[in-house]
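Letters A, B, ... mirror the listed sequences (proteins, then strands); counts begin at 1. Just so you know, these numbers use all the heavy atoms, side chains as well, and skip hydrogens, waters and symmetry mates. What you are looking at is a predicted structure, and each value in this text was computed from that prediction instead of being measured.
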Amino acid sequence: MPPQDLTPSQHAAVEFFEGPLLVLAGPGSGKTRVITRRIARLVDRGVSPREILAITFTNKAAREMAERVQRLLPGTRVWVSTFHRLCARLLREYGAEVGLQSNFSIFDTSDQHQLIKQTLHDLDIDAAHFPPAKIGHQISQAKNELISAADYARGFEERVGHHLQAVVARVYPQYQKRLLAANAVDFDDLLLHVANLLAENEELRSHLDQRFRFILVDEYQDTNRAQYQIVASLSRIEKNLCATGDPDQSIYGWRGARIENILRFERDFANVEVIRLEDNFRSTPEILATADRLIAHNRHRKPKVLRTPNASGEPVELRLYDDGRAEADAIAQEIRSLVQSGQRRWSDFAIFYRVNALSRVVETALARQRIPTQMAGGVAFYERAEVKDLIAYLRLIENPRDRIAFLRVVNTPARGIGKTTVNRLARWADLQDLPLLDAARNPRECPGLSKRAVLALQRFGELMHELVDRSSGPVAELLRQVLTRTGYTTAWQDSPSEDDTQRLANVDELVSAARQYDEQPDVEHSLSGFLETASLAQDVDQLADDRGTVTLMTLHSAKGLEFPVVYLLAVEQNLLPHERSLRENDARQVEEERRLLFVGITRAEEKLVLTHTVRRELHGRSLSTIPSDFLPELDVVSRDCTGGQFESFEDRLAAPRSPFPKASSPIERLTQSLQKAGGRPLLTTGAALAGEADAETEVNLPLGFATGMRVRHPRYGIGIVVETGGYSRHRTVTVEFVDDQRRESFILSKCPLQPVG
DNA sequence: GGCCAGTGTCTTTTT
DNA sequence: GACACTGGCC
């Protein structure tokens, strides 16, 4: 007899004991509950808590899960962690084999870019032509696929690669060498090193396999190849792997997540028990039906049932506003009045958006209404310059080989060690194979330095030396030492500037974060532990459910959360789906965007409001919008909340005014005509049209653009083709843009122009 | 040799 | 609109 508070399938998942288990859990199906109950049940059956490893997607989820288990079974401490944190811990212990000392640094994306830049310099490659971010992305993708530097270089020789790949093939090995020399890893290395360790050291693999007898992985649909490899290596002897997830909520394909991992689980492991949790206890039937209609349009998926015992609620709303400001103001006012009338609390509300850039208008509007808010991410706390500076000091204290940290702090605050000095020092240190800090301690030996530079370096060397001596105590205390000895905040102390005040506040916040870490019960405290927390902090970590605030975040951050009322902003073409998913005509990418919207919709418990606008200000420019391709799929009645302040997109094109006319919007007409013309994709760019035309017949080109045609450019907005010229690959179009009357010419095969009607 | 200001470029999502 | 880089000035 299952207990009253579990459904039969939830109960089955909790009770299933040994062997591989796949729990396919739709949104709001009580998955977290099942996992915690299952852990408790395992302990109940006599499994030692030490033998259980649970992996969650966020630190916050890990913390909450550990607490829940404690509540169910007081005194039980189970290892719950994210993949990255787990790997960091394992590498502190076993990293020597891959060349890491236990005090290694974790480089974030900007550290990675810095290091790549230096690598490019090493190799005499022009950084302007090969942006470090792009190279970093390639390296990251390779690492997620477990492709080592040597493999990459070899693989590149075998196929005919892109010129960027040729550069990456050279940069990747050197970058990796530099990382190791700095005793550092990037985010992907955490996974890659551990996967390699487990692949190469059978003794360690089987030791850990047996140590972690029961492994539970949540959000399995968003695991990448490296993560899959790690989990699989730890489940060969003890095959008690429980994976939970929902393929419809896979939204991290862009960072290497492989939805196939969950779709293939049954083939990857023998005798898998599959349990489906299809009852949604979170949302109203209206919200769920909307989500279901949308996701049904994904072709690459296994259909599933979404049902709820919940009572019917309010209809899902779709509203059109004039612009982002009107949209934000309306939402802010609505929230205020709902709270003031006592129907809702601040914390009932969440506002989601596709890109961080949209948060600002909303923040401002909420602030105007004096609505308390908390925001995940944005300009993340740990990415602010002053916080990064101080963290860099701590990193250099912990790991004197940390090159990036050294370069960041050596002249921050300014102490007369300029670029030239640093370059000379670095060149000399590299020749001697010395860490920069060691070189700085004996600057006299470095050739070409002025007396002043030598003195300044010496003083810096001594300063760091003294700080290292004090590094064993509480982190907050060490941080205060750094602050006083470097005089870091001196310049801001009595400044009237708002920015400086903010900087001081951020420094204070970091000190109190350190204090909080120092005071955490039940954990071993160390500088490296604090740095690890700081490096692997996530946007959603600091969000609280009970702080009495409205919550703002991106759709990606919203995964796993729920709120009574959800506003989902800017359901507009090129934002959701994002234009980058449309560029390559890759249906898979659009499906991921659809899943992203699905995730957003299914966060809502009682009330869901989707909004879009006539004009959208983005990147400092106001453009006319196109309704999202997803809107017709949702089949929600639209409401016009515009004040007639702007001409709508349709007006300007002399089409019906209604924001979302069922089958007559320009985009739909285009879609229909294109489909009739032979199943061409929904949206297409000039480049794609030109390519296709070429492939068809050389004579019959004008399938592309003709004079008078309306087009949209991602940057300049809507325009009219006023001239065409050239042939085939060299065909050009001249467009006059509606917004500012500017005229631009484009080479058709290379431009991102899209026809819009 | 160091610092600041102006110009140019890029602009999704995140560990 | 934000940030990185370059060039000029002290």
**Q** Nearest whole angstrom, please: distance from the C1' of B:dT14 to the CG of A:N224.
**A**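 Checked: the CG to C1' distance equals 12 Å.
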**Q** Would you confirm whether the ring centroid of A:H137 sits within less than 6.0 angstrom of the ring centroid of A:W254?
**A**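 Ring-ring flag for A:W254/A:H137: false, centres at least 6.0 Å apart.
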**Q** Would you mind telling me which of C:dC5, B:dT14, C:dA2 lies closest to the side-chain atoms of A:K117?
**A**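 Nearest to the side chain of A:K117 among the choices is C:dC5.
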**Q** By the definition side chain to side chain donor-acceptor pair (under 3.5 Å), identify the one residue from A:T119, A:D186, A:D122 that meets it with A:Y175.
**A**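 Of the listed options, the one satisfying the test is A:D186.
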**Q** Give the nucleotide from the list B:dT14, B:dG2, B:dT13 with an atom nearest to the side chain of A:S557.
**A**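 Closest nucleotide to the A:S557 side chain: B:dT14.
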**Q** Starting from C1' on B:dT14, measure out to CG on A:L555 and report it in whole angstrom.
**A**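 That distance rounds to 14 Å.
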**Q** Given the side-chain rings of A:Y220 and A:F57, with only the six-membered ring counted for Trp, is the space between their centroids under 6.0 Å?
**A**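 That pair fails the under 6.0 Å test.
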**Q** Take atom C1' in B:dT12 and the same atom in C:dC5, then report the distance between them in whole Å.
**A**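 Each nucleotide's C1' atom is 24 Å from the other's.
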**Q** Looking only at side-chain atoms of A:N411, point me to the closest of B:dC3, B:dT15, B:dT12.
**A**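 The answer is B:dC3.
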**Q** Taking atom types as they are modelled, is there a donor-acceptor pair under 3.5 Å from the base of B:dT15 to the side chain of A:R255?
**A**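 Between B:dT15 and A:R255, which were checked side chain against base, a qualifying N/O pair under 3.5 Å is absent.
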**Q** Could you measure between the two C1' atoms, the one in C:dA4 and the one in B:dT13, and give it in whole Å?
**A**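 These two C1' atoms come out 23 Å apart once rounded.
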**Q** Counting any heavy atom closer than 4.0 Å, what does A:A414 reach on the DNA or RNA strands: base, sugar-phosphate only, or nothing?
**A**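 Counting heavy atoms under 4.0 Å across all strands, the contact made by A:A414 is with sugar-phosphate only.
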**Q** Please evaluate residues A:F630 and A:R594 with respect to the criterion side chain to side chain contact (heavy atoms under 4.5 Å, CB included), reporting the C-alpha separation (whole Å), side-chain torsions for both, the decisive distance (0.1 Å), and the verdict.
**A** CA-CA 7 Å; A:F630 296 150; A:R594 195 178 275 111; 3.7 Å; yes
**Q** Select from A:Q589 and A:T420 the residue whose nearest nucleotide in DNA chain B is closer to the 5' end of that strand.
**A**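 The residue whose closest nucleotide sits nearer the 5' end is A:T420.
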**Q** Is any side-chain N or O of A:R360 closer than 4.0 Å to OP1 or OP2 of C:dA2?
**A**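 A:R360 to C:dA2 OP1/OP2: side-chain N or O found under 4.0 Å.
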**Q** Taking atom P of C:dA4 as reference, at what distance in whole Å does atom CD of A:Q118 sit?
**A**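 Whole-Å distance recorded here is 15 Å.
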**Q** What integer distance in Å separates A:M375:CE from B:dT14:P?
**A**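 A:M375 atom CE is separated from B:dT14 atom P by 11 Å.
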**Q** If I take atom CZ in residue A:F107 and atom P in nucleotide B:dT15, what distance separates them, rounded to the nearest angstrom?
**A**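 About 19 Å, once rounded to whole Å.
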**Q** Measure the distance from CG on A:L596 to C1' on B:dT13 and round it to the nearest whole Å.
**A**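 From A:L596 CG to B:dT13 C1': 7 Å.
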**Q** Have a look at A:T421 and say if it touches a base, only the backbone sugar-phosphate, or nothing, with a 4.0 Å heavy-atom cut-off.
**A**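 The answer is sugar-phosphate, as A:T421 gets under 4.0 Å only of primed atoms, P, OP1 or OP2.
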**Q** Can you work out whether A:R415 or A:T82 has the more 5'-proximal nearest nucleotide on DNA chain B?
**A**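 Taking each residue's closest nucleotide, the earlier one in sequence belongs to A:R415.
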**Q** Using a cut-off of 4.0 Å on non-hydrogen atoms, how would the nucleic acid contact of A:R424 be classed: base, sugar-phosphate, or nothing?
**A**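 The answer is sugar-phosphate, as A:R424 gets under 4.0 Å only of primed atoms, P, OP1 or OP2.
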**Q** Check the phosphate of B:dT12 against A:N356, side-chain N and O only, distance under 4.0 Å to OP1 or OP2. Yes or no?
**A**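 The answer is no; no side-chain N or O of A:N356 sits under 4.0 Å from OP1 or OP2.
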**Q** Look at A:R588 together with A:E591 and state whether they make a salt bridge at an N to O cut-off of under 4.0 Å.
**A**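 Judged by the 4.0 Å cut-off on N to carboxylate O distance, A:R588 and A:E591 do not form a salt bridge.
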**Q** Taking the side chain of A:H578 as heavy atoms from C-beta outward, which of C:dT6, B:dT12, C:dC5 is closest to it?
**A**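 Between C:dT6, B:dT12, C:dC5, the one nearest the side chain of A:H578 would be B:dT12.
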**Q** Does the side-chain ring of A:F83 sit on the six-membered ring of the B:dT15 base, less than 5.5 Å centre to centre and under 30° in tilt?
**A**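 Stack criterion not met.
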**Q** Check this for me: A:H121, atom NE2, are more than 12 non-hydrogen atoms of other residues, nucleotides or ligands nearer than 6.0 Å?
**A**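 Check fails, neighbour count at 12 or below.
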**Q** Take atom NZ of A:K134 and atom P of B:dC10, then tell me their distance rounded to the nearest Å.
**A**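 So the NZ-P distance, A:K134 to B:dC10, works out to 8 Å.
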**Q** For a quick check of understanding: with a heavy-atom distance under 4.0 Å over all strands, which category does A:T109 fall into, base, sugar-phosphate or nothing?
**A**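 Answer is base: heavy atoms of A:T109 come under 4.0 Å of a base.
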**Q** Whether A:T554 contacts B:dT14 is assessed here as follows: a side-chain N or O lying under 4.0 Å from the phosphate OP1 or OP2. Is that the case?
**A**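 A:T554 to B:dT14 OP1/OP2: side-chain N or O found under 4.0 Å.
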**Q** Would you mind reading off the distance between A:I139 atom CD1 and B:dT14 atom C1', rounded to a whole angstrom?
**A**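 Roughly 18 Å, once rounded to whole Å.
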